[in-house]
Amino acid sequence: MGFIDPTFAGEVPFERLVDEPNNDWAALTYQAPGEDEPRVNTPAVVSLGRAVASGGNGPRYSQGGTVFLPRGIDRKSGDRFTYNGAKYRLVGRPAGDQDHPVTGDDFGWVTWSFEGSG
């Protein structure tokens, strides 16, 4: 059993930029081990950080946090997901993508940092 039971995780839709000049995004699917059909939404546990407001050229905000995703999933920095109506982008590299160094346990999940603004 993984560190997080997937039945208690939420699900979010992911997209990947496929044509930057035209700002075209393609939906990414998730296929769980043992499932025949891919899903549109990916199991995820999202932990939002504190939002920061700024005044500049009109009110804006930025917000980041951490998202737990199933280990081995095809996601990369720059992919975006929608959570509670806001879009966020994955940044950096996944953390925890290894077995436990002492016990060898596979927790089944990795963490990604993300950021978004509006």
Using residues 63-73 as the side-chain source, report each donor-acceptor pair under 3.5 Å to any protein atom, sequence neighbours left out, with the distance given to one decimal.
{"from": "Q63", "atom 1": "OE1", "to": "Y88", "atom 2": "OH", "distance (Å)": "3.4"}
{"from": "Q63", "atom 1": "NE2", "to": "G49", "atom 2": "O", "distance (Å)": "2.9"}
{"from": "R71", "atom 1": "NE", "to": "D97", "atom 2": "OD1", "distance (Å)": "2.9"}
{"from": "R71", "atom 1": "NH1", "to": "D99", "atom 2": "OD1", "distance (Å)": "2.8"}
{"from": "R71", "atom 1": "NH1", "to": "D106", "atom 2": "OD1", "distance (Å)": "2.9"}

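- Using a 4.5 Å heavy-atom cutoff, the side chains of R16 and R80 are not in contact.
- Hydrophobic clustering places W112 together with V46 (ILVMFWY residues linked when any side-chain heavy atoms are closer than 4.5 Å, directly or through intermediates).
- V12 and W109 fall into different hydrophobic clusters, where Ile, Leu, Val, Met, Phe, Trp and Tyr residues are linked whenever their side-chain heavy atoms come under 4.5 Å apart, directly or through other members.
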Counting only pairs under 3.5 Å, give me each side-chain donor-acceptor contact of residues 20-29, with atom names and distances, residues two or more places apart or in other chains.
{"from": "N22", "atom 1": "ND2", "to": "D19", "atom 2": "OD2", "distance (Å)": "2.6"}
{"from": "N23", "atom 1": "OD1", "to": "W25", "atom 2": "NE1", "distance (Å)": "3.0"}

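- Relative orientation of the F114 and F81 rings is perpendicular, given thresholds of 30° and 60° on the angle between their planes.
- In E115, the CD atom is not crowded: 12 or fewer heavy atoms of neighbouring residues, nucleotides or ligands sit closer than 6.0 Å.
- Applying the salt bridge (Lys or Arg N to Asp or Glu O under 4.0 Å) definition to pairs two or more places apart or across chains, those involving residues 85-96 are E15-K87.
- Among all heavy-atom pairs drawn from N41 and Y30, the shortest one is O-CB, 3.9 Å.
- Closest heavy-atom contact between F14 and R75: CG-NE, 3.4 Å.
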